[in-house]
Amino acid sequence: MSAARVHPIMPTSTHDEVAEQMFVVALKSFIAAEMDPALRRLSQEVAGTLPVAEGESRPSLQQLRRGVSSSPLYRNWISTMRAAQELMWQAAGDCVDRQLDELDHIAAAAPSVGTVRTNPDFVVPRYLAATDTHMMPGSYHTDPTPTDVRQGAVFDKAAALYSLGRQGGQMNDMRGHTIVAHVRERFPDLEVRRVLEMGCTVGNSLVAVARNYPAAEVQGIDVGAGLLRYAHARAALLGVPLHFSQQNAEETDFADGSFDLVYSTAVLHETSARAIKRIFSECHRLLRPGGVMVHLEVPFRAEHADNFDMLRADYETRYNNEPFWIGAVSADLAELARTAGFEQAAAGYQDAAAVAPQSGQHFAFGGPNKGVYRSWYVVSGRKAVS
Amino acid sequence: MSTAASKLGTRLRVQKGRRTVPGDPRIDTLLNMVMSLTSEVAVLRDRVDAHERLAAAGVVPAPDTVDAYDPDDAALKARAAQRQRLIAKVCRPLVAEGSAEAAGAAETH
């Protein structure tokens, strides 16, 4: 966490900024260790007094929410969770703003490796423009100037904090490694020459995936220009040639059959019921015959959730500005993939790969949920060969 | 403050679509303020720690020596324990309240 940079454009932290960031990590850990169990007990107790509809295993979320809504514990839990989240963004934002001129300079002087294409006329989809996603002020797409890298730097700094370093540390690349592990597990014969990541943010996963397929041409799209400027500089400074463009995953400007592999990580829950269908259709259009689509999601499914899990999902949806969280974790993703035309469509828990998978290493798909940062929920499918 | 940062304005300080927590919104505001204040106390504790460790090592604590201080593993461990103690102390009522509720004692208050 100290001054050592994992890559040259990662914002550095002063002595006091480190202290501020460590406080956020400690507060989030305290909530998980002390407040979550207390609310879990309360939610079970309240649920025991509520009617359960025939064929259901627990009361509806609406009833449960009503049952706990007057509880001081529930209200304080929401406030404390959100305070920790807001302190995280504030700490990352202040840290970046102190050194933004330097970061902009580093980005401008980055080697000419890969490309970035922004679009000043880009229209951010309504589901992303309506609220600031996961309480990040300005969200992915609001940049203070047309040339800076602020939102990307803030996102990169905060992302490692958010996961308490358990998603691949400061490189935050566990999800990319897990995509590779999943492809090897389900589609070992897939020849990967052209890759697209939808909603790539600062390229954490994309760098990991590109390093696994060193001969491939690798593209990443997202909605924020500052995010992509940072992503491009970050990858260039890491010596990885990636091509970024500011595009909507529902409707990209790539030609039909442009890719062998199209994927996303933790993006679907930030879209909408309509957008998921359009994104799956767009993936189908973009893949060559025999190409593969993979979407990695949070390791949480409504059908496997207990009462506390549902309150937690409700928190994400209502108070952490993830309006489609419950929608995504309730959707039948394999069926949506089949409807979009995919063959071999399947969804299930995928064992996480913390570091780059080695050849011969096995990461199970379709087994039990091993918990946060040990499993992800993944849907994948293949475009018919003929 | 950098060039772009000076152009931030409130748009990048306040979240769009921030929903109100059930109950009196002033409690949520107050809890937020307490957490921010506790964060400042945590920063101050670490700064005091740097002062003490520098002094013990015979280095004059000054703004630049404190800023440059890189805690070793023993210092990091002590700071983590101190931070946990601080958070547990400040948040104790939140958890105690929950324990009482979960035990069904809330109605007796």
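Note: hydrogens, waters and symmetry copies are ignored here, and every other heavy atom, side chains too, is used. What you see is a predicted model, and the numbers here were worked out from it, not measured in a lab. Each chain gets a letter, A, B and so on, in the order its sequence line appears, and its residues count up from 1.
Considering only heavy-atom pairs separated by less than 4.5 Å from chain B, the leading option among A:P37, A:A130, A:G93, A:S70 is A:A130. By number of non-hydrogen pairs under 4.5 angstrom with chain A, the leading residue of B:I27, B:T38, B:L76, B:T29 is B:T38. Of the listed residues (B:D46, B:I87, B:L86), the one with the most heavy-atom contacts under 4.5 Å to chain A is B:I87. The greatest number of non-hydrogen atom pairs below 4.5 Å with chain B, out of A:M136, A:Q44, A:E34, A:R82, is found for A:R82.
Both the backbone and the side chain of B:R19 come within contact range of chain A, judged by heavy atoms closer than 4.5 Å. The contact between A:Q151 and chain B is made entirely by side chain atoms (from C-beta outward), counting heavy-atom distances below 4.5 Å. The parts of A:N76 that come within reach of chain B are both its backbone and its side chain, each placing non-hydrogen atoms under 4.5 angstrom from that chain. Interface residue A:S71: backbone and side-chain heavy atoms are both found under 4.5 Å from chain B. Residue A:L27 touches chain B through both its backbone and its side chain, counting heavy-atom pairs closer than 4.5 Å. Contacts between B:R79 and chain A at a heavy-atom distance below 4.5 Å involve the side chain alone, from C-beta outward. A:A129 touches chain B through its backbone: at least one of N, CA, C or O sits under 4.5 Å from a heavy atom, while the side chain does not. Neither the backbone nor the side chain of B:A80 comes within less than 4.5 Å of any heavy atom in chain A.
With a 6.0 Å radius and a threshold of 12 heavy atoms from other residues, nucleotides or ligands, B:R53 has its CZ atom above the threshold.
A donor-acceptor pair is defined here as one N or O able to donate and one able to accept, closer than 3.5 Å; no such pair exists between the side chain of B:Q15 and the backbone of A:P137. Within the 3.5 Å criterion, the main-chain N or O of A:T14 finds a donor-acceptor partner in the side chain of A:E17.
Side-chain N/O atoms of A:T201 and A:D222 include no donor and acceptor closer than 3.5 Å. Using modelled atom types, one finds no donor on one side chain facing an acceptor on the other under 3.5 Å when comparing A:Y319 with A:Q85. Under 3.5 Å, the side chains of B:K16 and A:T142 contain no donor-acceptor pair of N or O atoms.
Ion pair A:D143/A:R229 flagged as a salt bridge, since at least one NZ, NE, NH1 or NH2 atom sits closer than 4.0 Å to an Asp/Glu carboxylate oxygen.
Separation of the A:Y127 and A:F324 ring centroids does not fall under the 6.0 Å cut-off.
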